Amino acid sequence: MRLKMASWKDHIIAALNELGGEASYQELYPVLEKLRRKAGRSLTPKWKQTVQGTIEENSPDSLKFKLGREPVFYSVQGIGKGRWALYPSFLSEGAGDQEMSYESGLEGVLKEYHYLRRCRDPRLVEARKKIDEFTCQSCGYRRELFGRFVIEVHHLRPISSYQAEGQLSSIEDLICLCPSCHREAHSRPEGPLSLEELKALHSG
């Protein structure tokens, strides 16, 4: 009996799980290259385009999404930002956080590959979106396109400010913002704008 070889989708899922469930293309490529070479699979000159195409074909955020397929990936910061995450059903047991009530979640854990980066808990992010009903808490924007809401989750306290590794984040530390308000929130060099400051911008 011939064993089925792992597909690009299988390797991308495995790589994202190694990276905590979420990563940019720049973070994903070296892990994918390692997995493919370990499996004895070749890399074509255009393998990075293959990775991008595979993700987009399996993400309802993309216009390339093939109807009838189970959604595997979702865009964390909006299409074009190059940062993707796995839907919770594809997260391995070791990815993200340990099992806990999703009124709180472990975020900011330092994961080592060639460098250290602070990881978010994608399940906590999804829980916040549901609580806020996929609505921007600053301007009230709510829109669904191609079966998915155009909404992002903002950390009121930036993960980069965490002093300790693996600090516990409350779901109350997160709010939903539309892409425009999210960019506005991070427009101040010395630190993000508060929700009150964002609302003041719109009321003025």
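Residue numbers start at 1 and run along the sequence shown. FYI, side chains are in, hydrogens and waters are out, and symmetry mates aren't considered; it's all heavy atoms of this structure. Computed from a predicted model, the values in this text were never measured in an experiment.
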Taking the side chain as everything from C-beta on, heavy atoms only, tell me whether Val51 gets closer than 4.5 Å to Tyr29.
yes
Counting only heavy atoms from other residues, nucleotides and ligands, does the tally under 6.0 Å from CD of Glu144 exceed 12?
yes
Test of understanding: with salt bridge (charged side-chain N to carboxylate O under 4.0 Å, His left out), list the residues that count as partners of Glu184, not counting sequence neighbours.
none
When you measure from the side chain of Ser24 to the backbone N and O of Gly82, does any donor-acceptor pair fall under 3.5 Å?
no
Any side-chain to backbone donor/acceptor pair from Arg128 onto Ile171? Under 3.5 Å, distance only.
yes
Parallel, tilted or perpendicular: which one describes the rings of His186 and His154, with boundaries at 30° and 60°?
perpendicular
Side-chain donor/acceptor of Arg142 to backbone N/O of Glu133, under 3.5 Å:
yes
Leu174 vs Ile131 side-chain heavy atoms within contact, under 4.5 Å:
no
Once rounded to the nearest 0.5 Å, what's the spacing between atom CZ of Arg143 and atom SG of Cys136?
14.5 Å
For the residue pair Val150 and Phe134, establish whether any side-chain heavy-atom pair is separated by less than 4.5 Å.
no
Output yes when Lys129 and Glu152 qualify as a salt bridge under the 4.0 Å nitrogen-oxygen rule, no when they do not.
no
Hey, does Phe73 have a side-chain heavy atom less than 4.5 Å from the side chain of Leu16?
yes
Flag this pair as yes if the NZ/CZ of Lys48 is under 6.0 angstrom from the six-membered ring centre of Tyr25 and inside a 45 degree cone about the axis; otherwise no.
no
Test side chain to side chain contact (heavy atoms under 4.5 Å, CB included) applied to Phe146 - qualifying residues, sequence neighbours left out
Leu63
Name all residues meeting the side chain to side chain contact (heavy atoms under 4.5 Å, CB included) criterion together with Thr54; count only those two or more places apart in sequence or in a different chain, and write none if there are none.
Trp8, Lys9, Ile12, Thr50, Asn58
Leu86 versus Val72: any side-chain heavy-atom pair under 4.5 Å?
yes
So, do Tyr87 and Pro60 sit near enough that their side-chain heavy atoms are less than 4.5 Å apart?
yes
